[in-house]
Peer 1: 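Below you will find the structure I want to go over with you.
These values consider heavy atoms only, across backbone and side chains, with no hydrogens, waters or symmetry-generated copies. All chains are named by letter (A, B, ...) in the order of the sequence lines, taking the proteins before the strands, and each is independently numbered beginning at 1.
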Amino acid sequence: MASTGTTDANDNPYEGLYGGDATHWAFGTAFADPLAGVVGPTGREVAVPDGVDARDLATYAVMLADDALVMSQRIAEWCSNAPDLEEDVALSNVALDLLGQARLLYTRAAAVDPDGVPPLPEGSPAPPEDAFAFFRDAAGFRNVHLAEVENGDFADAVVRILVFATWRLALTERLSESTDPILAAVAAKAVKELTYHRDYAGRWVVTLAGGTEESRRRVLAAWDRLWPLWPELGASHPVEERLARAGAGVDPAVVVASVDDVLRQVRDAAGMEEPEHRPAARPQGRDGRHTDALVPLLADMQSVARAHPTGRW
Amino acid sequence: MSEAYRAASTVTDPEMPMLTLADLGVLRDVALDGSTVVVTITPTYSGCPAMTAMRDDLVRTLRDEGFADVRVDVTLSPAWSTDWITVRGRRALAEHGLSVPGPAPRHQGPVALTLTPTRRDLRCPRCGSGAVRLTSEFGPTPCTALYRCTACLEPFEHVKEI
């Protein structure tokens, strides 16, 4: 990556190799916004659909983006820490898919409501997606708690990915019919990716449950720990309800039964009971109320961008 | 315009350089907007890290061919499918030791949960044996799964169906 400030052949040997042409780096290019050219199926400009409030649409896109970004960051923390190389690669793939979804959704939010993009530090060349990711504090994030809580062990990782991917898959299957062509397109792509994530996590849950006494103990503990976070995912936020009524979004309440059904299938295959404790469904993260885990996660994720506010990446 | 298309269709995928973007099915359109050549591409996966490299390669190649004004658009719909990899693309994959994808899954109604490993009728791209085992559904690039041949013992990548 190109960084801020001047470089010469002494402090960057690669400058000499490539004659100053930075375009061979994936992100070190002259394109300020790698997704600047995202267009709809039929044209360059994609208007806000009739009957949809632009600010609501942007807020909704940010909610879905925040779920994906924060979950992606947590899963990415597994990189180099997974039980074996294959799981390291698998988890990194899952994180990368979610990161890609987040970037597209932030870009959509910025396009439909430019005033809603968080202010950047003076002189920052960062695109809107970076403004959303790096220059908001915890209270500005609208992700669900399941995405942000600390990682725990590998059993926690697969149970969490299972619940998250099952829910997000159910949402995106319906969202692919959104009257907003960009949300519909992002969702249709996400369905394919989340299908792999859900199956991957489900297989591991069954494998751990039928493995050793220790692996079974751990996966049961992971269910007990994470299960209380599931109801929040099915809680309707007023923005989601309005978007759903306008045909552009999905009210998460409508997917609760089908998600419960899939999770039951996994538990049945794993010989596990449903945990007893099921709190009431209430929006938490959607309103900016978070657990203590989000602040350190953001501090880590945002530290470089904030330390170099005028950097180019 | 066909000249611009011909030039764009020579650009190869940064991750799988044996394959052109056209043969991968990522190159969706080359059109003229006034004097600007507009190339439309689509990502294989949402987080595909190669998009910017593809864009740069397209712009550079077209400029080298004399098209001064080039814009690259990204379209998300319809979503990329491995079914779009051409016959020539499939041959190029196989010649370079990658296992080619079968037909992409089609869903009627909700996507069903699959708790058993995906069954694919594959042959080892090196020795041709059908005795292969899935190592992981996720490989070194977003679009591949990892397999191992139990006959010649070599690992290989399979371009997974989406």
Peer 1: Need one label for B/T144: side chain, backbone, both or neither, based on atoms under 4.5 Å from any heavy atom in chain A.
Peer 2: neither
Peer 1: Top residue by heavy-atom pair count (under 4.5 Å) with chain A, among B/P105, B/P14, B/P117?
Peer 2: B/P117
Peer 1: Hey, which residues of residues 81-93 of chain B are touching chain A, say heavy atoms under 4.5 Å apart?
Peer 2: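 Those residues of residues 81-93 of chain B which have a heavy atom under 4.5 Å from chain A are B/S81.
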Peer 1: Kindly write out the residues that satisfy side chain to side chain donor-acceptor pair (under 3.5 Å) with B/R119, not counting sequence neighbours, or none if the list is empty.
Peer 2: none
Peer 1: Got a sec, which residues hit side-chain contact (heavy atoms from CB on, under 4.5 Å) with B/P155, two or more places apart in sequence or on another chain?
Peer 2: none
Peer 1: Among pairs that include at least one residue of residues 159-185 of chain A, which meet ring pair (Phe, Tyr, Trp, His ring centres under 6.0 Å), considering only residues two or more places apart or in two chains?
Peer 2: A/F164-A/W167
Peer 1: Does A/D84, at its CG atom, have more than 12 non-hydrogen atoms belonging to other residues, nucleotides or ligands within less than 6.0 Å?
Peer 2: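 Yes, enclosed.
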Peer 1: If I measure from the heavy atoms of chain A, does B/A104 come under 4.5 Å with its side chain, its backbone, both, or neither?
Peer 2: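 Contact with chain A is absent: no heavy atom of B/A104 under 4.5 Å.
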Peer 1: May I ask you to decide if B/G102's main-chain N or O and B/E161's side chain share a donor-acceptor pair within less than 3.5 Å?
Peer 2: yes
Peer 1: Which one of B/L146, B/T114, B/T116, B/T118 has the most heavy-atom pairs closer than 4.5 Å to chain A?
Peer 2: B/T114
Peer 1: Could you walk me through whether B/R120 and B/E137 pass the salt bridge (charged side-chain N to carboxylate O under 4.0 Å, His left out) test, one step at a time?
Peer 2: CA-CA 12 Å; B/R120 300 183 177 100; B/E137 281 288 356; 3.0 Å; yes
Peer 1: So which of A/E193, A/Q265, A/Q101 has the biggest tally of heavy-atom pairs under 4.5 Å with chain B?
Peer 2: A/E193
Peer 1: Does any heavy atom of chain A fall under 4.5 Å from the side chain of B/S46, the backbone, both, or neither of them?
Peer 2: both
Peer 1: Under 30°, 30 to 60°, or over 60°: which ring-plane class applies to A/Y106 and A/F132, parallel, tilted or perpendicular?
Peer 2: parallel
Peer 1: Could you go through the side-chain contact (heavy atoms from CB on, under 4.5 Å) check for A/L194 and A/L98 one step at a time?
Peer 2: CA-CA 9 Å; A/L194 292 161; A/L98 292 173; 4.3 Å; yes
Peer 1: Is the shortest heavy-atom distance from the side chain of B/I41 to the side chain of B/R28 under 4.5 Å?
Peer 2: no
Peer 1: Counting heavy-atom pairs under 4.5 Å with chain B, which one of A/D97, A/V94, A/L99, A/V191 comes out on top?
Peer 2: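 So the answer, after comparing A/D97, A/V94, A/L99, A/V191, is A/D97.
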